[in-house]
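Working notes for the structure below.
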Amino acid sequence: MPELPEAETVRRGLEAETVGRGIARVDATGPRSVRRHRDPAELDRRLRGTTVEVVGRVGKFLTLDAGEEVLVVHLGMSGQLLLSDGRDPRPKHSHVVLVFEGGLELRFVDPRTFGQVFLSDGPEPSRRARPAELAHLGFDPLTDALPAARFAARLRARRTMLKALLMDQRFLAGIGNIYSDEILHAAGLRYDHPASALDEDQARALYRHMLRILRASVRLGGSSLSDMQYRDVYGRPGRYQQRHLVFAREGLTCAGCGGTIVRQAWGGRSTFFCPRCQI
DNA sequence: CAGATGCCCTGGGCGC
DNA sequence: TGCGCCCAGGGCATCT
């Protein structure tokens with residue numbers, strides 16, 4: 001579930017709790033979670049004895065710089081990164097565990113195994129550079145400053161429908177099914193509105209709403225849906241779901257116009273919007 | 001290039 | 001209590 005605000009909330013927790021800590025051992029027991037590596041033991045060999053120095057994020061991907069290595073984590077649909085003092089039993093589906101000096105554990109728990117953990121093989125990964133495996137990602141709306149005019153120009157150059165474009169990680173990194181619906185509702189635009197049909201003001205407004213919503217969600221620790229599967233590193237759910245105006249609100253009243261929220265199957269998943277105030 | 005499918009997985013909720 | 005469906009934050013490959 002995790003999209004940019006959830007990944008950023010996890011990043012902040014990791015930054016506060018793991019920077020400066022030495023890695024004593026890595027237990028990579030879930031082969032599918034480390035599928036980019038032929039040998040899961042490679043994570044232990046390469047990370048053992050290093051110290052976490054920087055915790056970064058590009059879109060939905062998290063990066064931990066440790067020594068010469070960059071560990072990349074994607075939470076997929078059901079992934080969690082949970083801290084523990086190591087005294088409680090590891091939850092089911094703890095596929096990768098970083099064990100720090102002193103006993104603190106960072107557990108990658110992922111029932112559906114759509115997420116993954118891998119060490120970058122990028123040529124000489126340096127502090128500021130993106131790992132090579134993340135080179136395909138578009139700009140990150142919270143960390144890569146982009147003038148509104150440039151965003152509008154890029155957006156209007158594309159003929160594809162707005163929701164597909166917002167969710168295209170090569171165009172823009174970090175937006176998924178929840179926030180695309182919330183952003184489009186705030187901007188008064190339908191999911192299937194062609195990007196090229198927007199005028200300059202509409203495109204700029206869409207950008208403004210995107211930044212506002214992403215920042216507001218980060219402030220509230222992201223969104224946890226009814227299953228409460230998303231948690232931060234301390235195991236706490238997010239609170240931004242209380243602010244959702246369309247997502248998972250089929251049949252409820254639109255706070256903006258009093259219309260009724262509709263759910264529509266699209267692209268193999270659900271899209272929520274208000275047919276009255278989104279054009 | 002744009003769009004529609006289907007697949008990779010486990011688990012929770014619901015109707016019967 | 002159990003069984004069979006349907007659904008789920010993502011991403012990728014493969015068709016038209």
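Keep in mind that the numbers below use all heavy atoms, side chains included, and drop hydrogens, waters and symmetry copies. Throughout, a chain's letter reflects where its sequence line sits, starting with A, and its residues are numbered from 1.
One atom, CZ of A:R112, and another, C1' of C:dA8, lie 5 Å apart when rounded to the nearest Å. Rounded to whole Å, the distance from CG on A:L134 to P on C:dC12 is 11 Å. With rounding to whole Å, A:R35 atom CZ is found 14 Å from C:dA13 atom C1'. When the P atom of C:dA13 is taken as reference, atom CZ of A:F114 falls 15 Å away, rounded to whole Å.
Residue A:R158 places at least one side-chain N or O closer than 4.0 Å to OP1 or OP2 of B:dA2. Contact between the side-chain N/O atoms of A:K92 and the OP1/OP2 oxygens of B:dT10 is not found at any separation under 4.0 Å. Contact check, A:W266 against B:dG3: no side-chain N or O comes under 4.0 Å of OP1 or OP2. Applying the 4.0 Å criterion to OP1 and OP2 of B:dG3, one finds that A:T160 has a side-chain N or O inside that range. A sub-4.0 Å separation between OP1 or OP2 of B:dT10 and a side-chain N or O of A:H93 is absent.
Between the side chains of A:Y240 and A:E6, not a single donor N or O lies within less than 3.5 Å of an accepting N or O. A donor-acceptor contact closer than 3.5 angstrom links the side chains of A:S120 and A:E133.
A distance of about 24 Å separates the P atoms of C:dC3 and B:dC9, rounded to the whole Å.
The partner of C:dC3 is B:dG15, judged by Watson-Crick or G-U wobble contacts that both fall below 3.5 Å.
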